[in-house]
Engineer: 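Dumping the structure here so I can ask a few things about it.
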Amino acid sequence: MTERLRVATWNVNSLTARMPRVEEWLSTVRPDVLCLQETKQADAAFPYGAFEALGYEAAHHGDGRWNGVAIVSKVGLDGVVSGFGTELDAEGTRLIAATCGGVRVHSVYVPNGRSLDSEHFTAKLAWLAGLRDLLADRHQPSDPLVVCGDFNVAPDDRDVWDPTQFEGMTHVSPPERAALGALLDWGLVDVFRSCYGDGGLFSWWDYRGGSFHQGRGMRIDLVLATRPLADGVTFALVDRNARKGEKPSDHAPVLADLAID
DNA sequence: ATGGTTGCGAAGCAA
């Protein structure tokens, strides 16, 4: 019989500021695994106890001020590995991996890149290439594996509110889309996209100018899964309700139900 | 309106 693993990913834009919203959401939705990005916390400040009180184990990799990633799980959390163990770690605390319910889970916060002519953009491409190499070195496409997070790349033009507004900008440029494509070519599937063909389904909206209510967003938060998990996906959703109300993150959580044996 | 908002941290940077 096939079971499911409900995974979610959420860039919370400071877990310190967002913890009330995260606790409310987690206690309501109860995903098996939640990947967090931009906790902006040091490991010592991470609220392990609050997650434990909700029935979740957690692992965090943070530098205290920027970045910061975590995996929160109620189906086990083993074999935690933080960062790359290479010079890519100079880009900040942006990667953590753990095994949850038999699935190798990665929570990633890909560097923003800032602008196409920036050294930070070069670093973004290198980071994505390094992630692809890490997966290829440690795993097989036949392994049950997911990479969840804020990729800071909109996979194609359906994933931005107006492609003409993004010409010459990051998040949509051919080099970074190719770097994301290299991950997919290794053996990962964008499971939200496999459920929905429409454009206009976003996960991030700028705080400025009422972008959320104007529908001006991007889909940059992705759940990428290997075929054994992705072929059996039964459900995926952007929880737009989490972008509403008091003190929301500028990102909404993305959920997916993956098939596991 | 060379803007707008949020977070961190205490001014300006990053997103």
Side-chain angles (χ1 to χ4, degrees), chain A residues 9-25 35-47 50 60-70 88-96 107-128 131 148-155 159-173 175-177 179-180 202-222 238-254:
Chain A
T9 186
W10 195 2
N11 179 322
V12 292
N13 185 20
S14 169
L15 189 57
T16 305
R18 214 66 58 211
M19 194 58 184
R21 295 291 303 252
V22 172
E23 289 181 287
E24 176 191 37
W25 188 85
C35 294
L36 298 172
Q37 300 86 36
E38 276 207 273
T39 64
K40 298 186 178 180
Q41 288 175 327
D43 292 340
F46 186 82
H60 179 253
H61 180 45
D63 60 20
R65 184 170 181 187
W66 310 111
N67 314 307
V69 288
L88 289 171
D89 291 331
E91 295 304 314
T93 50
R94 297 174 176 274
L95 169 67
I96 190 169
S107 180
V108 304
Y109 177 45
V110 178
N112 175 286
R114 302 193 191 181
S115 63
L116 297 188
D117 59 357
S118 167
E119 62 191 9
H120 295 98
F121 184 72
T122 307
K124 178 182 193 174
L125 298 180
W127 201 96
L128 282 164
L131 178 59
C148 302
D150 177 358
F151 284 77
N152 272 313
V153 179
D159 299 314
V160 297
W161 66 276
D162 181 358
T164 67
Q165 299 291 320
F166 288 87
E167 288 173 14
M169 312 279 279
T170 61
H171 296 68
V172 302
S173 73
E176 60 202 288
R177 282 179 168 169
L180 177 63
F202 306 135
S203 65
W204 172 88
W205 301 260
D206 199 303
Y207 283 124
R208 297 169 287 190
S211 296
F212 179 71
H213 297 288
Q214 308 259 357
R216 299 179 176 180
M218 288 194 280
R219 190 176 70 91
I220 56 177
D221 300 277
L222 309 177
V238 176
D239 186 359
R240 298 176 76 261
N241 287 331
R243 184 60 177 78
K244 305 174 184 176
E246 289 289 316
K247 288 181 70 68
S249 171
D250 45 355
H251 297 251
V254 180

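Bear in mind the structure is a predicted one, so any value in this text is a computation, not a measurement.
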Engineer: Name the residue closer to the 5' end of DNA chain B, choosing between Tyr207(A) and Thr39(A) according to the nucleotide with the nearest heavy atom.
Structural biologist: Tyr207(A)
Engineer: Suppose you measure atom P in dG7(B) against the same atom in dT2(B); what distance do you get, rounded to whole Å?
Structural biologist: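 Per the computed distance, 25 Å lies between those P atoms.
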Engineer: Closest-nucleotide mapping onto DNA chain B: is Asn11(A) or Ala17(A) further toward the 5' terminus? I mean the 5' end.
Structural biologist: Ala17(A)
Engineer: On a whole-Å scale, what distance lies between the C1' atoms belonging to dC8(B) and dG3(B)?
Structural biologist: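 That atom pair is separated by 22 Å.
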Engineer: Among residues at least two apart in sequence or on other chains, which ones pass side-chain contact (heavy atoms from CB on, under 4.5 Å) with Arg114(A)?
Structural biologist: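 If we apply the side-chain contact (heavy atoms from CB on, under 4.5 Å) test to Arg114(A), skipping adjacent residues, the hits are Asn112(A), Ser118(A), His120(A).
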Engineer: When we call it a touch if two heavy atoms are under 4.0 Å apart, what does Arg216(A) touch: a base, just sugar-phosphate, or nothing?
Structural biologist: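 Counting heavy atoms under 4.0 Å across all strands, no contact is made by Arg216(A).
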Engineer: Test side chain to side chain donor-acceptor pair (under 3.5 Å) on Glu176(A) and Thr170(A) and set out the steps.
Structural biologist: CA-CA 8 Å; Glu176(A) 60 202 288; Thr170(A) 61; 5.2 Å; no
Engineer: Under 6.0 Å from the ring centre and within 45 degrees of the ring axis: does the NZ or CZ of Arg219(A) meet both conditions for the six-membered ring of Phe202(A)?
Structural biologist: no
Engineer: Between dA10(B) and dT5(B), how far apart are the two P atoms, rounded to whole Å?
Structural biologist: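 So the two P atoms sit 24 Å from each other.
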Engineer: Measuring only the P atom in each nucleotide, how far is dA1(B) from dA11(B)? A whole number of Å is fine.
Structural biologist: 31 Å
Engineer: Which two nucleotides bound the region of DNA chain B that has atoms under 4.0 Å from heavy atoms of chain A, read 5' to 3'?
Structural biologist: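 The protein-touched segment is dG4(B) to dA15(B).
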Engineer: Aromatic rings Phe46(A) and His60(A): how do their planes relate, parallel, tilted or perpendicular, breaks at 30° and 60°?
Structural biologist: parallel
Engineer: Is there a side-chain contact between Pro47(A) and Leu15(A) (heavy atoms, below 4.5 Å)?
Structural biologist: yes
Engineer: Any side-chain donor-acceptor pair under 3.5 Å between Gln37(A) and Thr9(A)?
Structural biologist: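 Side-chain D/A pair, Gln37(A) to Thr9(A): present.
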